[in-house]
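Some notes on the structure that comes next.
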Amino acid sequence: MGLLTTEHGQAWYRADLVLYAVAAAVLAFLLAVVAPYERRTEIVALALLGLAAWTLVEYFLHRFVLHGLQPFRTWHAEHHRRPR
């Protein structure tokens with residue numbers, strides 16, 4: 001498999017998950033460090049709300065667009081058959 005192909009092995013899949021988790025943790029840490037002390041609680045609450053909102057948006061797009069609307073349904077079914 002080439003570097004720029006759309007199919008990758010398990011190592012690439014796991015590396016992608018780790019990379020996003022590390023990036024999110026670093027950004028959360030930086031947000032906590034640079035936030036004004038008196039507004040940290042508010043900022044952390046807003047960040048958590050944003051994370052929850054994004055999770056819901058992502059779920060609904062996946063559920064109702066990728067599994068419900070053509071041509072996305074066909075393309076996404078192929079992704080489920082060959083997830084790499």
Side-chain angles (χ1 to χ4, degrees):
M1 279 182 248
L3 181 61
L4 299 178
T5 184
T6 58
E7 290 193 35
H8 295 291
Q10 286 293 322
W12 281 100
Y13 178 76
R14 288 192 172 94
D16 189 48
L17 292 175
V18 169
L19 185 72
Y20 280 114
V22 168
V26 167
L27 289 173
F29 175 77
L30 290 174
L31 181 64
V33 168
V34 300
Y37 182 77
E38 60 278 354
R39 299 195 67 194
R40 281 194 181 150
T41 304
E42 176 186 355
I43 290 172
V44 168
L46 288 171
L48 290 174
L49 180 65
L51 179 63
W54 174 250
T55 300
L56 284 173
V57 166
E58 190 174 32
Y59 169 77
F60 283 112
L61 284 174
H62 179 259
R63 173 67 178 93
F64 295 108
V65 174
L66 296 180
H67 284 268
L69 299 176
Q70 285 296 354
F72 305 110
R73 181 175 28 199
T74 303
W75 297 337
H76 196 63
E78 181 62 24
H79 161 73
H80 279 289
R81 279 191 290 280
R82 297 176 56 187
R84 295 185 199 169

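Keep in mind that this is a model prediction, so the values were computed, not measured.
Just one residue in the list His76, His80, His79 forms a side chain to side chain contact (heavy atoms under 4.5 Å, CB included) with Leu66, and that residue is His76.
One hydrophobic cluster, built from ILVMFWY side chains closer than 4.5 Å, cannot hold both Val26 and Leu19; they sit in different ones. Tyr59 is not connected to Trp54 by any chain of hydrophobic side-chain contacts under 4.5 Å among Ile, Leu, Val, Met, Phe, Trp and Tyr, and they are in different clusters.
Taking CG from Leu51 and CG from Leu56, the interatomic distance works out to 10.0 Å, rounded to the nearest 0.5 Å. Here the CG-CD1 distance, from Leu48 to Ile43, works out to 12.0 Å after rounding to the nearest 0.5 Å.
By the ring-ring contact (aromatic ring centres under 6.0 Å, His included) test, Phe60 is found to be paired with Phe64, residues two or more places apart in sequence or in another chain being considered.
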Which donor-acceptor pairs under 3.5 Å do the side chains of residues 28-39 make with protein atoms, sequence neighbours left out?
{"unit_1": "Arg39", "atom_1": "NE", "unit_2": "Glu42", "atom_2": "OE1", "d": "3.2"}
{"unit_1": "Arg39", "atom_1": "NH2", "unit_2": "Glu42", "atom_2": "OE1", "d": "3.2"}
{"unit_1": "Arg39", "atom_1": "NH2", "unit_2": "Glu42", "atom_2": "OE2", "d": "3.0"}

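Across every non-hydrogen atom of His67 and Arg73, the tightest pair is O-CD, 3.6 Å.
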